[in-house]
Number of protein chains: 4
Amino acid sequence: MHLNTTSPMSVDKKDHIINAAMELFAEKGFEGTSIRDIAAKADVNLAMVNYYFGSKEKLFEAMVEQKATFMRGQLEALESDKELTELEKVDRIIEAYVDRFLSNPGFHKVIQQEMLKSQREEMHQKAINIFIKNTQNFNSIIEKGIKKKVFKKVDPPLVFASIIGTINQVLVSKKVCNVFAGKDPCYDPYTDEHFKKRLLTHIKQMIHSHLLNQ
Amino acid sequence: MHLNTTSPMSVDKKDHIINAAMELFAEKGFEGTSIRDIAAKADVNLAMVNYYFGSKEKLFEAMVEQKATFMRGQLEALESDKELTELEKVDRIIEAYVDRFLSNPGFHKVIQQEMLKSQREEMHQKAINIFIKNTQNFNSIIEKGIKKKVFKKVDPPLVFASIIGTINQVLVSKKVCNVFAGKDPCYDPYTDEHFKKRLLTHIKQMIHSHLLNQ
Amino acid sequence: MHLNTTSPMSVDKKDHIINAAMELFAEKGFEGTSIRDIAAKADVNLAMVNYYFGSKEKLFEAMVEQKATFMRGQLEALESDKELTELEKVDRIIEAYVDRFLSNPGFHKVIQQEMLKSQREEMHQKAINIFIKNTQNFNSIIEKGIKKKVFKKVDPPLVFASIIGTINQVLVSKKVCNVFAGKDPCYDPYTDEHFKKRLLTHIKQMIHSHLLNQ
Amino acid sequence: MHLNTTSPMSVDKKDHIINAAMELFAEKGFEGTSIRDIAAKADVNLAMVNYYFGSKEKLFEAMVEQKATFMRGQLEALESDKELTELEKVDRIIEAYVDRFLSNPGFHKVIQQEMLKSQREEMHQKAINIFIKNTQNFNSIIEKGIKKKVFKKVDPPLVFASIIGTINQVLVSKKVCNVFAGKDPCYDPYTDEHFKKRLLTHIKQMIHSHLLNQ
DNA sequence: AATGAATGAGGATTCATTCAT
DNA sequence: TATGAATGAATCCTCATTCAT
């Protein structure tokens with residue numbers, strides 16, 4: 001009843017709670033975060049969380065729903081684009097992922113954590129399905145390139161795993177990044193354009209050498 | 001006092017508990033796993049866990065300690081090996097990581113989860129430090145190769161992130177792997193030599209193209 | 001202030017809420033029923049219940065008040081009736097109770113439950129008082145009959161207990177009744193005239209044999 | 001695991017908790033009683049209740065189990081007894097029920113309350129089944145008497161309802177009983193042998209007049 | 001060395017109620 | 001008059017841990 005109402009007032013507060021939750025989930029994991037923590041961080045009454053979302057699990061799902069909406073559709077559009085070469089499409093994909101992951105490091109850490117577990121089977125499956133679909137889109141681009149002899153005979157799903165895996169590995173720890181970027185440990189590399197550029201360059205160069213003949 | 005006693009009997013039991021704990025941590029995360037779960041899975045008395053390890057957190061650390069011991073030293077040995085070329089060293093490293101990660105998927109999932117969080121600061125820091133050290137070892141090999149003009153001017157820490165990230169990405173979900181390996185969802189790809197070969201080939205080819213001129 | 005306003009609109013809604021509440025109280029008990037349940041069943045806003053009745057407890061009292069009003073006064077009138085013999089009066093009483101209890105099984109289940117408890121002392125006392133008064137009315141009729149040597153020397157309050165107790169026992173469970181009436185378990189025996197007749201006949205015969213000499 | 005262990009120590013405490021729970025359930029109903037109340041009354045730690053019984057509902061079931069065990073089997077034995085006449089059997093049954101109900105008024109109040117509701121379907125059904133079985137035992141005795149022309153053609157299940165209903169009605173409220181026994185309101189009539197005798201006499205006389213020709 | 005019993009703290013959730021509009 | 005939003009208190013239950021034996 002009240003759960004789906006999006007009355008003008010509650011929207012802000014819902015978002016507010018979702019953002020607080022996301023940060024805590026990223027930091028402490030789903031079960032490591034208590035509703036008390038969330039309520040405290042969002043500075044709302046403890047009961048509000050259940051009032052708005054029904055349960056901690058539903059709050060999690062609402063968060064995924066909200067954050068995931070941002071990034072839907074872009075990849076599908078790319079695949080069928082006639083203007084771009086396969087290599088250009090791969091570059092666009094890399095750019096899109098780097099951009100998204102670095103812009104929402106908290107969210108992607110949460111998702112990564114949940115994918116590593118096998119609890120919350122429904123969520124897990126949902127995330128897996130999105131991932132599989134994305135991989136398939138990527139695969140078909142790569143296979144087209146291979147058929148056209150523009151690309152070498154590579155292993156498409158593993159190429160995709162390398163792209164996503166590299167970005168995820170970077171997300172694992174600010175601190176590691178900072179060591180190699182020569183910054184102090186509290187610095188946030190994800191919002192640093194220079195760091196983003198560096199990551200993009202690395203992935204593109206690596207994938208290009210891997211895909212292209214000669 | 002009793003924590004460090006390693007009477008012949010208790011060693012087996014401790015290992016037994018550690019293994020049960022590791023599986024559950026991998027599956028459900030650290031806070032998602034209760035001592036009750038662990039005691040039940042290991043089929044020991046609930047109080048045994050605290051009796052042997054002192055606390056849940058210390059059990060976690062004991063697990064890390066035990067599992068990490070397996071893989072220490074190998075990389076250090078490699079770096080100073082005079083017999084091998086830089087490329088051979090890189091290959092050995094890739095082989096070592098693929099082997100370890102696929103042999104102990106549970107453990108690496110746990111570690112990955114913990115590195116994504118920033119709770120348990122001590123553990124986190126310890127894991128980060130190991131990772132930094134490994135990266136530095138790798139870096140110095142790559143840099144030597146660059147200096148010798150055997151390797152292109154790449155971004156060493158990110159190359160390392162790509163290797164580890166690719167393997168981690170594969171660990172994320174059996175299910176995703178099985179979709180692309182054409183296996184049924186319950187199949188365990190990590191123990192499949194054919195799958196391991198495929199992963200190795202992909203990483204080596206990708207890293208070779210990236211590192212080598214022409 | 002607003003509690004006693006009986007504006008034309010609200011009367012229907014109040015009744016509506018009371019009826020919903022009564023059904024739920026009968027089914028799940030007073031504390032087993034939440035205001036949310038009631039509001040949902042009556043299809044009114046959650047806050048309406050407190051708005052109209054002030055509290056859950058006052059709603060309960062309003063329900064008792066409303067339902068009890070139906071059956072007041074009848075017994076008092078009987079006692080002083082000069083036209084009827086004592087036996088006829090007893091029969092009228094039996095008829096009245098059977099009729100009321102079977103017509104309002106929900107209400108009487110609620111009352112019975114509340115009398116069994118000793119919470120809500122005020123309500124409890126009120127119900128007890130009504131019961132005592134009814135018993136006294138009945139007693140004085142029986143005692144008159146005994147004095148006139150029409151009735152045997154029985155134990156009046158226990159005779160009353162047997163009448164009410166028999167009917168209450170029948171209310172306890174539709175299912176038990178249906179087993180012995182040969183009906184299927186979902187059948188509602190309370191609205192079945194045949195069943196009512198059977199119950200009436202049993203009580204009258206039993207009480208007659210008990211009261212009458214020979 | 002620990003739930004069914006009946007180690008020497010815990011038995012007393014379990015019984016202690018069960019007794020505390022029974023009194024409170026009788027007084028305030030199942031949902032009206034909190035685990036806090038029970039723990040406080042039994043003077044044990046709050047968590048003990050769940051430790052021993054697993055849940056509030058299971059505690060309830062354990063209570064029923066324990067208390068119901070006392071009175072099993074007696075009625076079955078009666079039915080097949082060749083030494084007794086049907087009337088004697090009926091008398092034994094009446095005596096047995098009066099004795100049990102007055103000895104365990106709390107328990108029978110709880111059961112009565114639960115039978116009036118239709119929550120906790122499993123419990124409800126279990127109670128109903130016991131009741132049906134008892135009624136059937138009683139029926140077959142009455143029917144034998146009718147066949148032998150010792151009893152009039154009565155309605156057996158309703159005769160049983162009158163016996164049980166009368167006793168239950170007496171249980172409803174000490175206070176009502178005391179008004180008619182001329183005692184003060186705090187007096188406990190259930191343990192008063194004189195009161196018990198009076199109740200027994202009433203029921204027997206009433207049932208005898210009802211069953212016997214002439 | 002090993003464990004059943006016990007516990008205090010905290011978990012998520014639901015409650016009746018109130019309040020601003 | 002009527003209601004969506006909000007809340008503090010209380011619910012049951014599970015947790016990691018400790019202790020007596």
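Each chain gets a letter, A, B and so on, in the order its sequence line appears, and its residues count up from 1.
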Original post:
Taking the side chain from Asp15(D) and the backbone from Asp12(D), do they hold a donor-acceptor pair closer than 3.5 Å?
Top reply: no
Subject >> Met48(D) CE - dA6(E) P separation (whole Å) >> reply: 5 Å
**OP:** Provide, to the nearest angstrom, the distance between the CZ atom belonging to Phe53(C) and the P atom belonging to dA2(F).
**Re:** 13 Å
**OP:** Whole angstrom is fine here: how far is it from OH in Tyr52(A) over to C1' in dA12(E)?
**Re:** 19 Å
Subject >> Polar side-chain atom of Thr33(A) near backbone of Lys28(A) as donor-acceptor pair, under 3.5 Å >> reply: no
Subject >> Secondary structure of DNA chain E in dot-bracket form (Watson-Crick or G-U wobble, distances below 3.5 Å, | marking inter-strand pairs) >> reply: .||||||||||||||||||||
Original post:
Can you check whether Met123(C) reaches Glu114(C) side chain to side chain, under 4.5 Å on heavy atoms?
Top reply: no
Original post:
Roughly, in whole Å, what's the span from CG in Asn45(D) to C1' in dC12(F)?
Top reply: 14 Å
Original post:
If you draw the axis of the six-membered ring of Phe30(C), does the NZ or CZ of Lys56(C) fall within 45° of it and under 6.0 Å from the ring centre?
Top reply: yes
**OP:** Using a cut-off of strictly less than 4.0 Å, decide whether Lys13(D) has a side-chain nitrogen or oxygen near OP1 or OP2 of dA6(E).
**Re:** yes
Subject >> Nearest-angstrom distance from the residue atom CG of Leu24(A) to C1' of dA12(E) >> reply: 16 Å
Original post:
Is there a donor in the side chain of Asn19(D) and an acceptor in the side chain of Lys14(D), or the other way round, less than 3.5 Å apart?
Top reply: no
**OP:** Indicate yes or no for a side-chain donor-acceptor contact from His124(A) to the backbone of Ser118(A) under 3.5 Å, with no hydrogens or angles considered.
**Re:** no
**OP:** Measure the shortest side-chain to side-chain distance between Gln125(A) and Ile128(A) over non-hydrogen atoms and say whether it is less than 4.5 angstrom.
**Re:** yes
**OP:** Taking the side chain as every heavy atom from C-beta outward, state whether Lys13(B) and Val44(B) have any atom pair closer than 4.5 Å.
**Re:** yes
**OP:** Starting at atom CD1 of Ile38(A), determine the distance to atom P of dT13(E), rounded to an integer number of angstrom.
**Re:** 10 Å
**OP:** Using atom types as modelled and distance alone, determine if a side-chain donor or acceptor of Gln113(D) lies under 3.5 Å from a backbone N or O of Ala26(D).
**Re:** yes
Original post:
Base, backbone or nothing for each nucleotide of nucleotides 14-20 of chain F, written B, S, -, heavy atoms under 4.0 angstrom, 5' to 3'?
Top reply: BBBBB--
**OP:** Find the distance Leu59(C):CG to dC15(E):P and express it as a whole number of Å.
**Re:** 16 Å
Original post:
Within this structure, what is the NZ-to-C1' distance between Lys58(A) and dA12(E), rounded to whole angstrom?
Top reply: 13 Å
